[in-house]
Amino acid sequence: MKACYVVSPEKVEIKNIEKPVIDEKEVLIRVHYAGVCGSDLHLFHGTHPFRKPPEILGHEVVGEIVEIGSKVTDLRIGDRVTVEPHLGCGQCELCQSGNENLCRTKIAPGSAKWMGTFVNYFKAPASKTHRLADKVPDEIGVLIEPFAVAVHAINLISIPQRESIVILGSGTIGLFTVVAAKAAGFKTIIATDTQQFNRDMAMQFGANITLDPLNCDVAEEVKKVTDGKGADVAIVAAGASNIIDQASSSVRKRGEVVLVAMITEKIPVYSYSFVFNEQKLIGAMTYRPQDFKEAVDLVNNGLNLDGFVTQIFPIHQTQEALDTLAQKKENVVKVLVDFHKE
């Protein structure tokens, strides 16, 4: 079968490798589409903290089951599925409390213990494999994994108010968070981005107001539409150097800031604002199994994610797919690689 490797920084090669062999509790999936994620770009650029070339790309997937293990009872050959792409040890305190995303020994696709999803055939534990409703197109099913990141961020909010939320950054995850916030019942959704296209997409997906942080004081604008109080919650989905301070300034006293962007560089933070206003700063790492299941259920029950996929490339153009997302030479939200054809 074919597999898409990052063989060195900025270079992708298609290699022929053996089809995976499943065990009794696994399924083999013929891949239809794999999604390009920001973490794939880190591998592509050689900056990922633990995934290093040469490595197979991908962890977002949709496809059809072609083989099932002898102890798999709730899935069938022919089922269209997606996969929750991390597997904890199942024994530690974090796994036992439902926080498998934080397991210290979890494995994920694109590693030595679990190949990436940019392959013709991908194996997965049946326990992590979720059936798609017949009405859900493949191109939407593959979006469930990144959407689950947004669902998790919203589910970490502990305050009961659902009056207002500001989402700082309307890239892919920020846009998914707009959708998740709307599904969670937030009445006023304010989204920011420096790009007009992203702001337009935020409006399309459910934002009530969009702001360009280069041309306005975001915190002041948020306070204008929240009776001077500030939003109940801010979601940080971008990595500008002032983004944490902007979030704190935009949120009311005793509000919450949820940090979903993976900012790997040190940035300044005016911590006194959090103290003075008794605000909470909460980190959000991928998703828990229950968040992923919620994302599956929302999509299977008809949640509209039309418009997220902006580019689809065949396997042999995987390099171009990554370049398109990395360089943003055109309007882009979500890029897929199509494994139906070579």
Side-chain angles (χ1 to χ4, degrees), residues 1-8 11-37 39-40 43-44 48 50-88 90 105-132 136-146 292 296 312-322 335-342:
M1 70 172 187
K2 295 190 182 303
C4 303
Y5 279 82
V6 173
V7 294
S8 61
K11 186 176 181 181
V12 174
E13 288 184 5
I14 312 300
K15 298 185 178 184
N16 288 309
I17 64 172
E18 293 295 319
K19 183 190 297 186
V21 176
I22 62 172
D23 69 22
E24 61 188 10
K25 294 183 179 180
E26 293 180 326
V27 299
L28 186 66
I29 300 164
R30 179 187 292 118
V31 175
H32 292 173
Y33 292 101
V36 180
C37 175
S39 65
D40 293 314
L43 171 61
F44 183 58
H48 197 282
F50 58 86
R51 296 176 66 198
K52 302 297 181 183
E55 191 59 80
I56 298 174
L57 288 153
H59 60 269
E60 303 171 2
V61 66
V62 68
E64 175 186 354
I65 293 177
V66 293
E67 292 181 25
I68 60 172
S70 60
K71 291 190 176 180
V72 177
T73 59
D74 57 345
L75 294 166
R76 297 288 182 269
I77 291 175
D79 284 346
R80 289 186 315 114
V81 294
T82 190
V83 175
E84 179 192 341
H86 57 207
L87 183 65
T105 59
K106 74 176 182 180
I107 63 172
S111 64
K113 294 183 178 180
W114 194 358
M115 71 169 56
T117 59
F118 277 50
V119 290
N120 292 123
Y121 294 92
F122 177 70
K123 72 173 184 176
S127 62
K128 295 296 182 180
T129 304
H130 296 261
R131 187 183 292 110
L132 299 179
V136 177
D138 285 347
E139 297 91 330
I140 300 300
V142 75
L143 302 177
I144 287 173
E145 192 280 338
F292 197 92
V296 171
I312 300 177
F313 293 88
I315 301 171
H316 71 272
Q317 291 183 336
T318 298
Q319 172 92 43
E320 186 175 349
L322 271 79
V335 178
L336 305 183
V337 174
D338 184 352
F339 285 82
H340 289 96
K341 51 183 179 288
E342 299 180 8

Please list, chain by chain and in numerical order, all residues satisfying salt bridge (Lys or Arg N to Asp or Glu O under 4.0 Å) with Lys113, sequence neighbours excluded. none
Could you pull out all residues at least two apart from Val7 that satisfy side chain to side chain contact (heavy atoms under 4.5 Å, CB included)? Tyr5, Lys11, Glu13, Lys15
Kindly compute the distance separating NE2 (His86) from OG (Ser111), expressed to the nearest 0.5 Å. 13.0 Å
Please identify each residue that fulfils salt bridge (Lys or Arg N to Asp or Glu O under 4.0 Å) with Glu84, with sequence neighbours left out. Lys128
Results of side chain to side chain donor-acceptor pair (under 3.5 Å) for Glu67 - residues two or more places apart only: none
According to side chain to side chain contact (heavy atoms under 4.5 Å, CB included), who are the partners of Asp23, at least two apart in sequence or on a separate chain? Lys25, Glu26
Measuring from Ile312:CD1 to Gln317:CD, what's the distance to the nearest 0.5 Å? 12.0 Å
Minimum heavy-atom separation for Asp40 to Leu322, with atom names? O-CD2, 4.1 Å
List in chain and number order the residues that pass salt bridge (Lys or Arg N to Asp or Glu O under 4.0 Å) with Glu64, two or more places apart in sequence or in another chain; answer none if no residue qualifies. Arg30
Where is the tightest heavy-atom contact between Ile56 and Ala3, given as atom of each residue plus distance? CD1-CB, 4.0 Å
Between Ile22 and Ile68, the two heavy atoms sitting closest are CD1-C, 3.6 Å
Note, Asn16 side chain near Lys2 side chain (heavy atom, < 4.5 Å): yes
Under a 3.5 Å distance rule, please check whether Thr82 uses its side chain to pair with a backbone N or O of Val61 as donor and acceptor. yes
Does a side-chain heavy-atom distance below 4.5 Å link Glu145 with Phe292? yes
Identify the heavy atoms of Val27 and Ala126 that sit nearest to each other, and give their distance. CG1-CB, 4.3 Å
With Ser127, which residues qualify under side chain to side chain contact (heavy atoms under 4.5 Å, CB included), at least two apart? Pro125
State, with a plain yes or no, whether a side-chain heavy atom of Thr117 is found less than 4.5 Å away from one of Val31. no
So Val136 and Ile144, side-chain contact (heavy atoms from CB on, under 4.5 Å) or not? Walk me through it. CA-CA 11 Å; Val136 177; Ile144 287 173; 5.6 Å; no
Do Pro137 and Tyr33 make a side-chain contact, defined as non-hydrogen atoms from C-beta onward lying under 4.5 Å apart? no
Across all chains, not counting sequence neighbours, the ring-ring contact (aromatic ring centres under 6.0 Å, His included) partners of Phe44 are none
Would you call Val337 and Leu57 a side-chain contact if the rule is heavy atoms closer than 4.5 Å? no
What residues, two or more places apart in sequence or in another chain, satisfy side chain to side chain contact (heavy atoms under 4.5 Å, CB included) together with Glu18? none
Just how far is it from atom CD1 of Ile315 to atom CG of Asp338, taken to the nearest 0.5 Å? 7.5 Å
Which word best sums up how the rings of Phe122 and Trp114 line up, parallel for under 30°, tilted for 30 to 60°, or perpendicular for over 60°? parallel
Quick one: salt bridge (charged side-chain N to carboxylate O under 4.0 Å, His left out) pairs with a partner in residues 53-62, sequence neighbours left out? Glu60-Lys334
How far apart are the closest heavy atoms of Asp138 and Arg80, and which atoms are they? OD1-NH1, 2.7 Å
Between Ile29 and Ala124 the two heavy atoms that sit nearest each other are CD1-CB, 4.3 Å
Could you list the residues that satisfy side chain to side chain donor-acceptor pair (under 3.5 Å) with Asp79, not counting sequence neighbours? Arg131
Interatomic distance, Lys19 atom NZ to Tyr121 atom OH [nearest 0.5 angstrom]: 4.5 Å
